[in-house]
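Numbered from 1 within each chain, the chains take letters A, B, ... in sequence-line order.
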Amino acid sequence: MALPVVAEKWSNSVKELTIGATQAEGGTREKTVTVGGAKCVPFIECDGETGNRPAIAMDVLDYVPNDWPDILRKPIEDVIDEPAKWAKKCVDEFGADLICLKLDSIHPDKGDKSPEEAADTVKSVLEAVNVPLIIWGCELNDKDNQVMPKVSEAAKGEKCLMGYAAQDNYKVITAVCLADGHSIITQAPLDINIGKQVNILVSELGFPLDRIVMFQSTGALGYGIEYTYSIQERERLAALSGDNLMAFPVISNVGFEAWRAKEAKAKDEDVAQWGAQEDRGPMWETITATTLIQSGVDIVRMYHPKAVAAVKKYIDELTS
Amino acid sequence: MALTGLDIFKLLPKTNCKKCGKPTCLAFAMQMAQKKASIDECPDVSEESKSQLGSASAPPIRLVTIGKGDKEVKIGEENVLFRHEEKFYHPTAVAVTIDDDLDDGALNDRLAKINALKFVRVGTEIEIDMVAIINKSGSADKFAAAAKTVSENTALSLILSSSSIDNMAAALAVCSDKKPLIHGVNSTNVDGMAGLAKVDGCPIAVSASTLDELAELSEKVKKDGLEDIVLDYAGSGLKDNLQGLTSIRRAALKKSFRPLGYPTMSFVTNCDDPYQETANASAYLAKYSGIVVVNGIEPWQIMPLLTVRQNIYTDPQKPVQVESKLYEVGQPDENAPLLLTTNFSLTYYSVEGEVEGSRVSSYILPVDTEGTSVLTAYSGDKLNEKVVKKAMEDAKVEDSVKHRKLIIPGLVAIMSAKLKDELGWEILVGPKEASGLSAFLKSNW
Ligand code: SF4
């Protein structure tokens, strides 16, 4: 039977971005990660190329996460107070494509570490692993603005991805990423218009459009994931339809958000009817990630090795 | 996709006789396209045109009902590819398998577990919808026996899956009154299966690994007089299946292609890994499957799947709200902090999550702001001192706390003075983001 042609002809694609630089490119990474490049809605190949496979970044904190449930701490218990070793474990044992170093300890409530100390941490992690780095501030504007310049300088040439530029705080980070050759994350609070606005603000400072990654605040499964899902679908459609200021790879903060959910973090004795946390937690994180990947995420930040393995398998299946 | 005025015009007599009250056939066609006129108003239109127009005005994806009574499942009749464009109307049914080669004890055990797959999330009960009985034994007797046991012991709707016409007939004989979905129909058994579906008035699923074959099968059973058809596209894996499901939805919605204008289903029963099974099932659920069938019956596999459905099928135009009442986090006593927020569920649950994380037992009062977030509510005057006062009175907060201190969101610090006057309470300005609550509570309470 003659079937109608249903392939869509899109006029534009998501931009491609490479994170990390090898020695030849002025850095010290053995591996780089390229994301983006899709010319279709997620994984619908009949429209056009599906682009690079989504990448998994595992979070490494420079502050011992005492509030993490035991099941989350267990896999990294032996390295939890040494970011460099923690990062190495994520790469060597858990198969992280990238490391997202979260500079929690610069927060005044979590140690108020100095810019120099943060820069040292960044250097130690860069030395410990051969994959590219995402560097994420503590999300306090003033402190991030003090720390990021030092951190950026310490990682100069490594083509890191740095986060983030927000509508009310984008100038410092944009300037340092521009100067030191890093890529930048633009953040918006579940708002597609603000998302575009931040991209415009950053680009007006002369930041090149092929070094931007978008971040809409992530909603976990059960806690607003549908908002993130739909915004990301709309962003992808806008990108494909020709909006160059929306045509960027997208990052999602899955681990942190998923493990805030009761369904993941509640202890077995409190929610016996939901099954053992050993699988319940990683599954919640997995499904948060896989669902968002369907809406067009290019980089997922994750926590638990079991969830990382499952999502990896899922990505394999989608891109094989 | 609806017909355009011109499409309709081509089917009219083109005599401009004005009997319909319009000056020309074209004018009439245009009115019809806007649903302002009905074909019955033209006395001269041919029967053939009439039936063509009739089917063209049917929804592009047929609504199919499976089962009977309270737990009947309705799937199909979707209008969009992306939920933000409108909404997804008929939530994917989640089905769990039971093999007919289980012994009685194991079968009853499994059924009991399946019947118990209900969860309360965000104040709503979510549960699975269907049981798929699989004729794994190959025996008609066993299939019929399993169908009988299951149908007598569950309120859930049924799927009968067998490629044997005789076995299907045997199972239908014991449960056709439940209007189960007949599954396992392919090009080799379609005639016989369609015959059974017709006799028993049951919905039928056709299975194929190419869209071509699927469309042919659906046309075939339609010619046999069946309309309640489900398309089971069984491709070569996750990627291919998603592509197939997307193509079916696009063909139906954008090309008005009738042979694929039916709801779909996906069997996710050949994964060796439970994570893979739930992940793939949730992908199909989000990307256009009307039914997903899984093997897993552990709560930690099913609850995330049902939650994906709950989230993806919410109406994107309608903010989800929590009930406006006093919520307890931990075991708050009369000295516990009282936090004010709005009843937009996302706002409420981020506050709740952070308060819980702080381990400071507290009360939270979400004010009814019609499901808007703090700033939106404030700028729309849905969050003002009068509204807060009323919410506090309705929730009888004075019976729950002894102190007279109210923590308000940092984003509306500006309300402090007016609130203080109106309530006579001390107002503490909390952080702007929920993420700051833990630190705030620890240092300020
Ligand atoms: S009654 Fe029918 S044939 Fe006559 S003008 Fe109207 S549409 Fe045309």
> Does any heavy atom of chain A fall under 4.5 Å from the side chain of B/E352, the backbone, both, or neither of them?
Replying inline: side chain
>> In terms of relative ring orientation, are A/Y223 and B/Y349 parallel, tilted or perpendicular, with 30° and 60° separating the classes?
In response: perpendicular
> If you tally heavy-atom pairs under 4.5 Å against chain A, which of B/P259, B/G353, B/A279, B/S438 wins?
Replying inline: B/A279
>> What I want to find out is whether A/D316 reaches A/R53 closely enough, with some N-O distance under 4.0 Å, to be called a salt bridge.
In response: yes
> Checking A/E8 against chain B: side chain, backbone, both or neither under 4.5 Å from a heavy atom?
Replying inline: both
> Pick from B/E216, B/R250, B/R83: which one has the most heavy-atom pairs with chain A under 4.5 Å?
Replying inline: B/R250
>> If I measure from the heavy atoms of chain B, does A/V5 come under 4.5 Å with its side chain, its backbone, both, or neither?
In response: backbone
> Non-hydrogen atoms of chain B under 4.5 Å away: do they reach the side chain of A/A307, the backbone, both or neither?
Replying inline: neither
>> Please classify the contact between A/E278 and chain B as side chain, backbone, both or neither, with a heavy-atom cut-off of under 4.5 Å.
In response: backbone
>> Heavy-atom cut-off 4.5 Å, strictly under: side chain, backbone, both or neither for A/I293 against chain B?
In response: neither
> Using non-hydrogen atoms only, which part of A/I231 is less than 4.5 Å away from chain B: side chain, backbone, both, or neither?
Replying inline: neither
> Considering only heavy atoms from C-beta outward, does the side chain of A/P54 approach that of A/V300 to under 4.5 Å?
Replying inline: no
> Checking heavy atoms, do the side chain of A/S320, its backbone, both or neither come under 4.5 Å from chain B?
Replying inline: backbone
> What part of A/Q273 lies closer than 4.5 angstrom to a heavy atom of chain B: side chain, backbone, both or neither?
Replying inline: backbone
> Of all of A/L221, A/L318, A/D279, A/T286, which one pairs up most often with chain B through heavy atoms under 4.5 Å apart?
Replying inline: A/D279
> Which region of A/W284, side chain (C-beta onward) or backbone (N, CA, C, O), has a non-hydrogen atom less than 4.5 Å from a non-hydrogen atom of chain B, or is it both or neither?
Replying inline: side chain
> Between A/F43 and chain B, which part of the residue has a heavy atom less than 4.5 Å away: side chain, backbone, both or neither?
Replying inline: backbone
>> Can you confirm whether more than 12 heavy atoms, excluding those of B/E127, are under 6.0 Å from its CD atom?
In response: yes
>> Looking only at heavy atoms and a cut-off of under 4.5 Å, which of B/L211, B/I302, B/D240, B/L285 has the most pairs with chain A?
In response: B/L211
>> Is B/S247 close to chain A through its backbone or its side chain, or both, or neither, when contacts mean heavy atoms under 4.5 Å?
In response: both
>> Parallel, tilted or perpendicular, judged at 30° and 60°: which one describes the rings of A/F215 and A/Y164?
In response: tilted
>> Looking at chain A, which one of B/G237, B/P299, B/A286 has the largest number of heavy-atom pairs inside 4.5 Å, strictly under?
In response: B/P299
>> For the interface with chain A, which of B/Q276, B/E219, B/E298 has the highest count of heavy-atom pairs at distances below 4.5 Å?
In response: B/Q276
>> Could you measure the distance from the CG atom of A/D270 to the NZ atom of A/K265? Nearest 0.5 Å is fine.
In response: 11.5 Å
> Is a side-chain N or O of A/K312 found less than 3.5 angstrom from the main chain of A/G95, in a donor-acceptor match?
Replying inline: yes
> Between the side chain of B/T269 and the main-chain N/O of B/N295, is any donor-acceptor distance below 3.5 Å?
Replying inline: no
> Side chain, backbone, both or neither: which part of A/A2 has an atom under 4.5 Å from a heavy atom of chain B?
Replying inline: backbone
> Are A/E235 and A/Q216 linked by a side-chain donor-acceptor pair shorter than 3.5 Å?
Replying inline: yes
> So, A/E257 and A/R260, do they make that salt bridge, N to O below 4.0 Å?
Replying inline: yes
>> Looking only at the side chains, is there a donor atom on one of A/T291 and B/S282 sitting less than 3.5 Å from an acceptor on the other?
In response: no
>> Given heavy-atom pairs under 4.5 angstrom as the criterion, report whether the side chain, backbone, both or neither of B/E213 touches chain A.
In response: neither
> In terms of heavy-atom proximity below 4.5 Å to chain B, should A/I44 be classed as side chain, backbone, both, or neither?
Replying inline: both
>> Under 4.5 Å from any heavy atom of chain A, what part of B/Y348 do you find: side chain, backbone, both or neither?
In response: neither
> Is the NZ or CZ atom of A/R280 positioned over B/F119's six-membered ring, under 6.0 angstrom from the centre and within 45° of the axis?
Replying inline: no
> Side chain, backbone, both or neither: which part of B/L242 has a heavy atom under 4.5 Å from chain A?
Replying inline: both
>> Please rank A/G281, A/S230, A/A310, A/P189 by heavy-atom pairs under 4.5 Å with chain B and give me the top one.
In response: A/S230
>> If you count heavy-atom pairs within less than 4.5 Å of chain A, which of B/P316, B/S443, B/A283 leads?
In response: B/A283
> Using non-hydrogen atoms only, which part of B/T314 is less than 4.5 Å away from chain A: side chain, backbone, both, or neither?
Replying inline: side chain
>> Set out, in order, the CA-CA distance, both residues' side-chain angles and the distance that settles ring pair (Phe, Tyr, Trp, His ring centres under 6.0 Å) for A/Y229 and B/F88, then state yes or no.
In response: CA-CA 14 Å; A/Y229 186 91; B/F88 292 171; 8.3 Å; no
>> Just by distance, no angles: are the side chains of A/N169 and A/N145 close enough, under 3.5 Å, to form a donor-acceptor pair?
In response: yes
> Just wondering, are more than 12 heavy atoms of other shown residues or ligands nearer than 6.0 Å to CZ in A/R73?
Replying inline: yes
